[in-house]
Amino acid sequence: MIGIMKTEIVKIHIKSDGVGIEQQDQIQKAGHILKEGGLVAFPTETVYGLGGNALLPEASQKIYAAKGRPSDNPLIVHIARHEAMEEIAYPVPESAYRLAERFWPGPLTIILKKKDLVPPETTGGLSTVAIREPSHPVARALILASGGFVAAPSANLSGKPSPTNATRVIEDLSGRVDMILDNGSVGIGLESTIVDLTEKIPVILRPGFLTLEMLREVLPDVTLDPGIAGADTAAPPKAPGMKYRHYAPKAPLVLVEGPAQKVIAKINALAAEGEADGKKVGILATEETERYYSKGTVLCIGKRADEESVARNLYECLRRFDELGVDRIYSEDFPDQGLGQAIRNRLTKAAGHQVIEVS
Ligand code: AMP
Ligand code: MG
């Protein structure tokens, strides 16, 4: 039953060669759990994943139950060799091989038409399947030890920010999975970019660490799904998961957009108003701006000049606000290009589209 099973927590260390794993026996044990239909949470380079055997319907059902995730929200199947695509998808277009060659292993998920081997439980009933080959050595070793196909959404309770370290996974999933592999903090901190290759024109369904510009180097005609926040919000997003409120802290979050000086002034005014009302106000600021805030509980998300640092800290900051017990959060915005596109997408979703524009 959910919430009362015994969860084994195992620390995993990567050898200094960056490839091998010190605790091979524990990886084999974790692989065995997956083969038998159990659940193992594990680190990937993007965020921690909640893994189950992608080819077993009951394992996918357990994933949905453990996360409290709506079952129409499909799972990403993780593989450890490019060619494994051919075992679960057909046709595999030439563009998929080109993307794999360039970006795998790495933070890219490719949507293809699925073969019958993949049960509908794994794909939320869709006839397509999402496939990614992660680069994290623990993820790769686990996939190989498990038979090669691991369905793994982010290892958080549905709706909460994705976990970027094992402590957050333990908070959310202890008692709900068989094993948690703890390898500390992940490197990227934002989920993979999802690109759909099942239509004539390739479409990015979820912005991620790999930017539109980077994908265009391989697929010049790739476009952004208009349903993604920031573009035409009237269209529903094509990745089922993108329609839910998501990545959200407990307190309501409001994104304030506009020129930097005006944004800071507005957030200061809103914080003063909130505090006058007796509320505890959280402010999500950056290294460049944090000193301009005189009120509220200010967390620094990273450096604007280094957007990768913002990506890495985003979810952890949102979870910190939960712990600090703030009543509302105001966040600065980020440029709608490059990696900023994915950061904005996650913040907008965390804000449930509550955006204030100042000009
Ligand atoms: P997560 O693993 O928690 O990052 O969520 C996986 C994301 O991939 C969700 O937004 C899903 O809706 C999306 N996804 C997975 N499979 C498909 C698919 N076959 N077609 C479209 N989107 C998908
Ligand atoms: Mg997720």
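Order of listing sets the numbers, starting from 1, for every ligand and every atom in it. This one's a predicted model, so the numbers in the text were calculated from it and none came from an experiment.
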**Student:** Write out all pairs satisfying salt bridge (charged side-chain N to carboxylate O under 4.0 Å, His left out) with one or both partners inside residues 22-32, taking only residues at least two apart or from two chains.
**Tutor:** Glu8-Lys29

**Student:** Any chance NZ of Lys262 has more than 12 other-residue heavy atoms, nucleotides or ligands included, within less than 6.0 Å?
**Tutor:** no

**Student:** In ligand 1, which numbered atoms sit nearer than 4.0 Å to a non-hydrogen atom of Ile194?
**Tutor:** 7 (C), 8 (O), 13 (C)

**Student:** Under a plain distance cut-off of 3.5 Å, with no hydrogens placed, do Thr109 and Arg206 share a side-chain donor-acceptor pair?
**Tutor:** no

**Student:** If we only consider heavy atoms of Asn73, is any one of them less than 4.0 Å away from an atom in ligand 1?
**Tutor:** yes

**Student:** Does Ala152 come within less than 4.0 angstrom of ligand 1, counting non-hydrogen atoms of the residue?
**Tutor:** yes

**Student:** Salt-bridged, Arg312 to Glu307, with N to O below 4.0 Å?
**Tutor:** no

**Student:** Counting heavy atoms only, which of Glu191, Lys67, Lys113, Arg69 comes nearest to atom 6 (C) of ligand 1?
**Tutor:** Arg69

**Student:** If you take the nearest heavy atom of each of Ile63, Leu75, Ile111, which one is closest to atom 21 (C) of ligand 1?
**Tutor:** Ile111

**Student:** In terms of heavy-atom contacts, does CD of Glu101 have more than 12 from other residues, nucleotides or ligands at under 6.0 Å?
**Tutor:** no

**Student:** At less than 4.0 angstrom from any non-hydrogen atom of Leu205, what atoms of ligand 1 do you find?
**Tutor:** 21 (C)

**Student:** I'd like to know: is the Mg ion (ligand 2) within the 2.8 Å range of an N/O/S atom from Ser162, strictly under that distance?
**Tutor:** no

**Student:** Heavy-atom contacts with Leu126 under 4.0 Å: which atoms of ligand 1 show up? List them by number with element.
**Tutor:** 18 (C), 19 (N), 20 (N)

**Student:** State the atoms of ligand 1, each with its element, that fall below the 4.0 Å cut-off from a heavy-atom position in Thr128.
**Tutor:** 18 (C), 19 (N), 20 (N)

**Student:** Can you list the atoms of ligand 1 that are under 4.0 Å from a heavy atom of Ala130?
**Tutor:** 15 (C), 16 (N), 17 (C)

**Student:** Answer yes when Arg98 and Glu94 have at least one side-chain N-carboxylate O distance shorter than 4.0 Å, and no when they do not.
**Tutor:** yes

**Student:** Return all side-chain donor-acceptor pairs below 3.5 angstrom for residues 36-51, not counting sequence neighbours, or 'none' if the list is empty.
**Tutor:**
| residue | atom | partner | partner atom | Å |
| --- | --- | --- | --- | --- |
| Thr44 | OG1 | Thr46 | N | 3.1 |
| Thr44 | OG1 | Thr46 | OG1 | 2.9 |
| Thr44 | OG1 | Val47 | N | 3.4 |
| Thr44 | OG1 | Val47 | O | 2.7 |
| Thr44 | OG1 | Arg132 | NH2 | 3.1 |
| Glu45 | OE1 | Ser135 | N | 3.1 |
| Glu45 | OE1 | His136 | N | 3.2 |
| Glu45 | OE2 | Arg132 | NH1 | 2.8 |
| Glu45 | OE2 | Ser135 | N | 3.0 |
| Glu45 | OE2 | Ser135 | OG | 3.3 |
| Thr46 | OG1 | Arg132 | NH2 | 3.3 |
| Tyr48 | OH | Asn183 | N | 2.9 |
| Tyr48 | OH | Gly184 | N | 3.3 |
| Tyr48 | OH | Gly184 | O | 2.8 |

